[in-house]
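All of these numbers come straight from a predicted model, not from anything done at the bench.
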Amino acid sequence: YLTKIDGLDFHFMHIRSKHENAFPLLIAHGWPGSIIEQMKIIGPLTDPTAHGGTEADAFHLVIPSMPGYGFSARPTTTAWDPVRIAAAYNTLMPRLGYKKWGAAGGDWGAIVVEQMALKTPPGLVGIHTNMANVVPPDLDKKLFIGEPVPSDLTGDEKKAADQLHEFYRHIGYALLMGDRPQTLTGLTDSPVGLAAFMIDHDPVSYDMIARSINGTPEGLTPDDVLDNITLFWLTNTAISAGRLYWENKVPFFAVKGVTIPVAVSAFPDELFQAPKSWAEKAYPKLVHYNRLPKGGHFAAWEQPKYYSEEIRAGFKTLR
């Protein structure tokens, strides 16, 4: 579907469950993701009785494409940042007739759903994140500029800080899009160039995709990866999607101050596996926390079974 919000056409998928008491849930994607990331979880969440769940686990799903991504319009004005996108998503759910709903997201989607929560709309009862914004701000700043990981952290905290310290060494793609997104014109001129740029998001995901292409069974198949790249190629949105990094003014991983209920799923190969101690401080209404045995940055896409189970558990008390 398409709907105009704040002067921009938003594309979204709207999949209603056959179960009338299903809980409405908006799921937000990030970069280099798209609605392709969520395709595998539509069945388990909307039709749980066919996927090992019960009628009480059912969701009505709303899956929007971010501005400049996929089939949403490409902004021709500035200021389409995560805060403004969050406001648009908070407008979309009541427009569809939902008076009570939840939101979930990873990557930029995790940042957007936290911004949705910060606006405290009356219908939003809680959020789920698989990229929790829980890093203490002072620590985040130190890790970003390459300072050593402090020695006074607990085991889980040190592991998370080590992961984030390593990731910050490999964010050239984000710095480039954040400074000169329009310069990346080669991404609209070469499908091979676009594929190379999108696949090399973070070292752990890159290694996992490489193993998959080499024939090792993984959460993502080569076709999964090519489906996502093809959507960017055919809609010519490589540049317009990258502009989000230029527009953004909020930190990626630091605490944002969310006060509504939050569920956290901590996957081991995420950019960092959020420690429970940080999650409890960042989210005063933490209703669910779980460390998963497998999965990384693109959790819904890589591990749809784990992700679907986490969504069910996260919103169990909020329906």
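Clustering of Ile, Leu, Val, Met, Phe, Trp and Tyr side chains at separations under 4.5 Å leaves V255 isolated, with no partner residue.
Rounding to the nearest 0.5 angstrom, the gap separating the NE2 atom in H29 from the CD1 atom in I63 is 10.0 Å. Atom CZ of F252 and atom CG of L271 lie 10.5 Å apart (nearest 0.5 Å). In this structure, the separation between OG1 on T54 and NE2 on H19 is 8.5 Å, given to the nearest 0.5 Å.
Using bins of under 30°, 30° to 60° and over 60° for the plane-to-plane angle, the ring pair Y98/H14 lands in the perpendicular bin.
I127 and L292 fall into different hydrophobic clusters, where Ile, Leu, Val, Met, Phe, Trp and Tyr side chains are chained together by heavy-atom contacts under 4.5 Å. Both I36 and L234 are part of a single hydrophobic cluster, where members link through side-chain heavy atoms under 4.5 Å apart. Cluster membership for L26 and L2, using ILVMFWY side-chain heavy atoms within less than 4.5 angstrom, is not shared.
For K276, the NZ atom counts as loosely surrounded, since its 6.0 Å shell holds 12 or fewer non-hydrogen atoms of other residues, nucleotides or ligands. Enclosure of atom CZ in R291 by more than 12 non-hydrogen atoms of other residues, nucleotides or ligands within 6.0 angstrom is indicated.
Salt bridge status for E218 with R211: present, with a side-chain N to carboxylate O gap under 4.0 Å.
Y245 has its ring centre less than 6.0 Å from the ring centre of W108. Annotation: W80 is not in aromatic contact with Y69 [ring centroid separation under 6.0 Å not met]. Taking the ring centroids of Y173 and W31, they lie under the 6.0 Å cut-off.
A search for side chain to side chain donor-acceptor pair (under 3.5 Å) contacts involving E166 returns R169, H170, not counting sequence neighbours.
Inspection of the E114 and T129 side chains reveals no N or O donor paired with an N or O acceptor under 3.5 Å. Side-chain atoms of Q273 and K159 include a donor-acceptor pair closer than 3.5 Å.
Relative to the ring axis of F23, R312 does not place its NZ or CZ within 45° and under 6.0 Å from the centre.
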